[in-house]
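Atoms within a ligand are numbered from 1 in the order they appear, just like the ligands themselves. A quick note: this is a predicted structure, and the numbers were derived from the prediction, not measured. Residues: numbered from 1 along the sequence shown.
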Amino acid sequence: MDRQYDYILGGGGTAGLTLALLMAKDSFFFDKRILIIDPQPKNTNDRTFCFWKNDIFPLEEIIYKKWDKLSFIDEKGQELDLELGDYTYNMIRGIDFYNHINPILKKAPHIDQVQAKIIQINEIGETVEVQTAQEKYFGRYFFKSYYDKINLSNYNSTIQHFKGYIIETEEGFFDPERSTLMDFSIPQEDDTRFFYVLPLSPTKALVEIAIFSNEIATNDEYDCWLKDYITNDLGIQKFTIEEEELGQIPMTDYPFKNHDTSQIIHIGTGGGNVKPSSGYAFMRIQKHIYKIVECLKFGDDPVNAKRIFSSKFKWYDRIFLNVILKNRVKGAAVFSAMFHRTPAKHIFEFLDEETTFLKDLNVIYTQKKWPFIKAVFDELF
Ligand SMILES: Cc1cc2nc3c(=O)[nH]c(=O)nc-3n(C[C@H](O)[C@H](O)[C@H](O)COP(=O)(O)OP(=O)(O)OC[C@H]3O[C@@H](n4cnc5c(N)ncnc54)[C@H](O)[C@@H]3O)c2cc1C
């Protein structure tokens, strides 16, 4: 087998498969050789992607559930009916994502897949040498989406960790048209924590707790919080757990792009695609990958694709993290002020980094000024 490739994709998860799908479909890549290396077969429902959007997008056909009504519940238990405009909230199941993309890749003659773990990468001149336990491969570009442990202690950093159940109730309990984006009406401990409830039918919903904290909860703790919320807050006495989801996502202002070279480009979580102030990553990964493909096609350096993440929003994220990590304002209070005082459609546009400075002010002015000004000075000096 000729082990020389134009593009090697290290990791075939969300970012790797998104890139591979575009390379499978776009005729620009038909005369290129592409290799995906991943130790996992990607045949389990290992995650659920939820995201808002206000446009048709290429993975429309695998959206599992869409909601056009969303609630937000503040710390005092007040429920807001969010003004979404043309936004919807959407869910894609990991298994549907993998099962949609992998068969397309198998049929693409210019794409090879290898199930192996990469143990080392080296840059030799204009080539990247990629070593698995069994073989060595060579590529012009290497897109790396597996995530190495990084020391984040000198940065504003926390971890969004979460556990969720898909539960089934005996009687119809949920409104499948409406989901709860965030419910902060639970004890906040010393961190930021909320539940979300995403109904799939009148008798089925994903109920999940998310916590921003460097102290990861134990399984028993998650189970205790989830069962307490389902029985006491939602008032459901009888339910069965159909599936579980567990995960951790870094929320940090660490400059991931410094790891990139002219040949090794980091994508996905390790490419800094997680929005530091919200933990949402799925749509940012899509945007980054589309931009990479555009760069490759039009002769621009794919490293430059990260320019879509502007320094203005990086700065906002940094200030947000400073405020909540230094406990200047509770995270729950920051989100509540935002959703009470600005229509959700503006907040989504802001979090998607699509707003002008004037529009940013709509969101910025929802917050208490002094804690944020102190955070700005803290970051400057
Ligand atoms: C449970 C869970 C739920 C999430 N839900 C949401 C959500 O609702 N909305 C949202 O916006 N974001 C969500 N995220 C965050 C983010 O969208 C996902 O983590 C996303 O999968 C990140 O994509 P990725 O390609 O960086 O990583 P992954 O999808 O994890 O892919 C990395 C791949 O690298 C492979 N790999 C690992 N080590 C090696 C190695 N040495 N050599 C080769 N390959 C290797 C892995 O097997 C894996 O397939 C969630 C994350 C998790 C974990």
Side-chain angles (χ1 to χ4, degrees), residues 8-21 35-53 57 59 63-65 67 89-98 101-102 105 113-121 128 130-135 137 139 142-150 159-166 179 181-182 196 198 206 208-210 216 222 243-252 256 259 264-289 292 348 351-352:
I8 299 181
L9 283 45
T14 312
L17 289 181
T18 302
L19 181 54
L21 178 65
L35 172 68
I36 308 158
I37 307 176
D38 196 303
Q40 290 180 23
K42 308 306 280 185
N43 55 9
T44 59
N45 193 29
D46 60 356
R47 64 202 61 198
T48 316
F49 304 111
C50 292
F51 53 94
W52 55 79
K53 67 177 189 71
F57 91 136
L59 295 171
I63 290 178
Y64 184 69
K65 181 83 180 108
W67 298 271
Y89 200 59
N90 304 268
M91 176 192 279
I92 290 180
R93 300 187 316 155
I95 189 68
D96 295 335
F97 180 82
Y98 307 136
I101 298 176
N102 274 319
L105 303 184
Q113 278 179 286
V114 165
Q115 199 176 327
K117 184 174 176 173
I118 296 168
I119 48 179
Q120 208 179 341
I121 46 177
V128 184
V130 179
Q131 175 82 59
T132 68
Q134 296 79 22
E135 292 286 1
Y137 302 92
F142 180 69
F143 294 96
K144 181 170 182 287
S145 64
Y146 54 93
Y147 179 60
D148 296 326
K149 268 252 170 278
I150 295 169
I159 295 169
Q160 181 176 150
H161 53 98
F162 45 88
K163 180 166 183 177
Y165 296 154
I166 292 193
S179 66
L181 182 70
M182 292 171 144
Y196 49 90
L198 307 176
L206 171 63
E208 192 143 322
I209 181 168
I216 309 302
Y222 286 126
E243 276 179 57
E244 295 189 357
E245 169 177 89
L246 192 66
Q248 295 177 18
I249 303 171
M251 295 171 67
T252 175
F256 287 95
H259 294 278
I264 300 176
I265 294 112
H266 295 73
I267 56 177
T269 304
N273 285 178
V274 176
K275 175 82 174 161
S277 52
S278 71
Y280 281 90
F282 184 74
M283 284 305 263
R284 284 166 67 87
I285 291 173
Q286 306 298 306
K287 280 185 191 169
H288 183 213
I289 298 295
I292 286 176
F348 291 162
L351 291 174
D352 285 342

The criterion is salt bridge (charged side-chain N to carboxylate O under 4.0 Å, His left out); which residues satisfy it with E244, sequence neighbours excluded?
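Residues passing salt bridge (charged side-chain N to carboxylate O under 4.0 Å, His left out) with E244: K163.
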Starting from [atom], find the nearest protein heavy-atom neighbour and note its residue, name and distance.
atom	value
atom 34 (O) of ligand 1	G11 CA, 3.4 Å
atom 12 (N) of ligand 1	A281 N, 3.5 Å
atom 21 (O) of ligand 1	T14 OG1, 2.6 Å
atom 31 (O) of ligand 1	G13 CA, 3.3 Å
atom 27 (O) of ligand 1	S145 O, 4.1 Å

I want to know if ligand 1 touches I118 in the polar sense, i.e. an N/O pair below 3.5 angstrom.
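Yes; the residue has a nitrogen or oxygen that sits under 3.5 Å from a nitrogen or oxygen of the ligand.
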Y280 N/O under 3.5 Å from ligand 1 N/O
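N/O-N/O distance below 3.5 Å does not exist for this pair.
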Atom [atom1] of [X] and atom [atom2] of [Y]: how far apart are they, to the nearest 0.5 Å?
X	Y	atom1	atom2	answer
R93	N45	CZ	CG	5.5 Å
F142	Y137	CZ	OH	12.0 Å
I101	I36	CD1	CD1	9.5 Å
M91	D96	CE	CG	10.5 Å

Among Y98, Y146, F282, which one has a heavy atom closest to atom 39 (C) of ligand 1?
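The nearest heavy atom belongs to Y146.
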Determine, considering heavy atoms only, which of P39, P41, A15, G279 sits nearest to atom 43 (C) of ligand 1.
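Residue with the shortest heavy-atom distance to the ligand atom: P39.
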E208 side-chain N/O to F162 backbone N/O, donor-acceptor pair under 3.5 Å
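Side chain of E208 to backbone of F162, a donor-acceptor pair under 3.5 Å: no, none is there.
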Please report the shortest heavy-atom distance between I8 and G139, naming the atom on each side.
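In this case the closest contact between I8 and G139 is CD1-N, 3.6 Å.
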Taking only heavy atoms of [X], which atoms of ligand 1 are found under 4.0 Å from at least one of them?
X	result
T269	22 (C), 26 (O)
C50	7 (C), 8 (O), 9 (N), 10 (C), 11 (O)
K117	40 (C), 41 (N), 42 (N)
D38	33 (C), 34 (O), 35 (C), 44 (N), 46 (C), 47 (O), 48 (C), 49 (O)
I285	22 (C), 23 (O)
G268	26 (O)
R47	1 (C), 2 (C), 3 (C), 18 (C), 19 (O), 20 (C), 21 (O), 28 (P), 29 (O), 30 (O), 53 (C)
I37	43 (C), 44 (N)

What do we get for [X] next to ligand 1 when only non-hydrogen atoms under 4.0 Å count, side chain, backbone, both or neither?
X	result
I249	side chain
F162	side chain
E245	side chain
T48	backbone

On the 0 to 90° scale, with breaks at 30° and 60°, tag the [X]-[Y] ring pair as parallel, tilted or perpendicular.
X	Y	value
H266	H259	tilted
W52	F348	parallel
H161	Y222	perpendicular

Contact with ligand 1 for [X], non-hydrogen, under 4.0 angstrom:
X	answer
K42	yes
F51	no
L246	yes

Working note: N90 + C50, criterion side-chain contact (heavy atoms from CB on, under 4.5 Å); need CA distance, chi angles, decisive distance, verdict.
CA-CA 5 Å; N90 304 268; C50 292; over 6 Å; no
I'd like to know whether the aromatic ring centres of F57 and F51 sit less than 6.0 Å apart in this structure.
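Yes, ring centres under 6.0 Å apart.
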Stepwise, does the side-chain contact (heavy atoms from CB on, under 4.5 Å) test hold for Y196 with I209?
CA-CA 7 Å; Y196 49 90; I209 181 168; over 6 Å; no
Passes side chain to side chain donor-acceptor pair (under 3.5 Å), Q113 versus N102? Steps please.
CA-CA 10 Å; Q113 278 179 286; N102 274 319; 3.0 Å; yes
